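Atoms within a ligand are numbered from 1 in the order they appear, just like the ligands themselves. The basis for the numbers below is simple: all heavy atoms, side chains too, and nothing from hydrogens, waters or symmetry mates. Just so it is clear, the structure is predicted and the values come from calculations on it, not from any experiment.
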Amino acid sequence: MITKEQIDAAKLPSHIAIIMDGNGRWAKQQGKIRTFGHQHGVTAVRDTVEAAAEIGVKFLTLYAFSTENWSRPKFEIDALMSLLVQTISKETATLMKNNIRLATIGDTESLPSGVYKKLQKAIDETSGNTRMTLVLALSYSSRWEITRAVKAIAAKVKAGDIDPDKIDEATISDHLCTAGWPDPELMIRTSGESRISNYLLWQIAYAELYFTPKLWPDFRKEDLYEAIVDYQGRERRFGKVSEQLNPKHA
Ligand code: FPP
């Protein structure tokens, strides 16, 4: 089993993004309904947030509800929304105690107003915290985010505030929900699926992808350590060749 001590603090990813998948299958394995899996998913969220903060990760982004999830049965959507409200109410004090800031990405205004208000309250309350930013992707999809950014840039071009010849990668990044934050260096998906599912498509251009068969409700601190140690063993070339990165060994 991988332990925290095996992590090289000097090569820590500053931003980890996770696709929490497999709650439904986990519940089915127990002979329970899908929402039972989501409830147990909260335990995995708590464990993962605690581990990430302890190690020194600065940003942790969790895919909690996608734009596409709105097409799930109403019962499941309602259960997820009330789980979100309950968890935020219960955990805001823990976030404060641990100096963790809460943030969201996504079309959060489309959330039920009670959920939106609860979230905003927790975001405001934790806004001064500096140890780690916990980002919940809610009603989020990358194509929604990129479309929104394009519209915002187009409006500024029309108003004469942006010169189209000056649009570069930074202009795009600055109009995404993640503006000002580092891109994730490590992206984890649980449950054995090897897909990105419309998540942070622009931001993960150079991220290392890590897929584990573990179902999300079973994900624990050690699983996060394992993903980080695996990431640290990889050579990140950013389009260069190995010898350029390690001239001594050329
Ligand atoms: C994917 O499993 C999981 C989700 C769509 C929701 C994730 C939500 C939680 C972990 C609980 C609430 C979160 C917070 C941050 C309080 P799935 O339902 O797609 O599983 P399946 O692929 O096995 O059907």
Side-chain angles (χ1 to χ4, degrees), residues 16-53 57 59-95 98 100-108 110-112 114-123 125-126 132-142 144 187-200 211-221 223-224:
I16 299 178
I18 304 185
I19 301 179
M20 311 181 286
D21 196 12
N23 292 353
R25 277 163 283 167
W26 186 89
K28 202 171 175 187
Q29 282 176 6
Q30 324 273 320
K32 298 278 177 29
I33 58 166
R34 299 175 52 80
T35 50
F36 184 75
H38 297 318
Q39 284 160 9
H40 282 264
V42 175
T43 309
V45 168
R46 200 177 295 121
D47 223 49
T48 306
V49 171
E50 198 176 296
V57 170
F59 288 84
L60 177 69
T61 302
L62 304 177
Y63 209 172
F65 195 84
S66 72
T67 309
E68 292 77 15
N69 287 153
W70 288 114
S71 49
R72 290 197 175 191
K74 186 176 181 304
F75 169 76
E76 185 171 343
I77 296 173
D78 290 348
L80 275 167
M81 293 299 147
S82 59
L83 198 56
L84 194 62
V85 170
Q86 275 171 33
T87 309
I88 292 163
S89 305
K90 218 168 127 201
E91 303 293 347
T92 305
T94 320
L95 295 178
N98 289 284
I100 298 171
R101 172 170 72 131
L102 183 70
T104 55
I105 54 171
D107 185 12
T108 48
S110 68
L111 295 169
V115 179
Y116 179 77
K117 281 185 197 145
K118 257 279 168 310
L119 268 170
Q120 286 310 313
K121 192 166 172 276
I123 289 170
E125 214 174 313
T126 60
M132 184 178 86
T133 301
L134 168 64
V135 185
L136 299 182
L138 287 164
S139 194
Y140 173 86
S141 82
S142 224
W144 166 85
M187 154 83 84
I188 300 170
R189 182 173 190 148
T190 59
S191 91
E193 308 288 356
S194 314
R195 285 190 295 276
I196 300 303
S197 298
N198 215 348
Y199 191 40
L200 301 169
F211 299 104
T212 168
K214 271 264 166 97
L215 301 176
W216 179 252
D218 287 330
F219 198 85
R220 290 293 175 273
K221 288 185 176 185
D223 299 298
L224 184 72

Does I77 reach the side chain of W70, with side-chain heavy atoms less than 4.5 Å apart? yes
>> I'd like to check L119 versus T104 (side-chain heavy atoms, cut-off strictly below 4.5 Å). Are they in contact?
In response: yes
Could a heavy atom of S191 be found less than 4.0 Å from some atom of ligand 1? no
Among R34, E91, R72, K90, closest by heavy atom to atom 19 (O) of ligand 1 is R72
Q) Taking atom types as modelled, is there a side-chain donor on W216 or S191 under 3.5 Å from an acceptor on the other? A) no
Counting heavy atoms under 4.0 Å, the part of L62 that contacts ligand 1 is neither
for atom 14 (C) of ligand 1, nearest protein heavy atom and its distance come out as L84 CD1, 4.1 Å
of all protein heavy atoms, closest to atom 3 (C) of ligand 1 is M20 O, 3.2 Å
Give yes or no for whether the N/O distance cutoff of 3.5 Å, strictly under, is met between N23 and ligand 1.
yes
Ligand 1 to W216, heavy atom cutoff 4.0 Å, flagged ligand atoms 10 (C)
for atom 15 (C) of ligand 1, nearest protein heavy atom and its distance come out as L136 CD2, 3.7 Å
Flag for S197-R189: side-chain donor and acceptor within less than 3.5 Å | yes
Of all protein heavy atoms, the one nearest atom 6 (C) of ligand 1 is A64 O, 3.4 Å
Per-atom filter on ligand 1: closer than 4.0 angstrom to a heavy atom of R25 are 21 (P), 22 (O), 23 (O)
Residue, atom and distance of the protein heavy atom nearest atom 20 (O) of ligand 1 read G24 N, 2.9 Å
When you measure from the side chain of D47 to the backbone N and O of A44, does any donor-acceptor pair fall under 3.5 Å?
-> no
So for T87 against ligand 1, with non-hydrogen atoms under 4.0 Å, the contacting part is side chain
Note: F65, heavy atoms under 4.0 Å from ligand 1, region reported as neither
Honestly, for N69 the part within reach of ligand 1 (heavy atoms, under 4.0 Å) is side chain
In this structure, atom 11 (C) of ligand 1 is nearest to the protein heavy atom H38 O, 3.7 Å
- Query: Is there a side-chain contact between H38 and E76 (heavy atoms, below 4.5 Å)?
  - Reply: yes
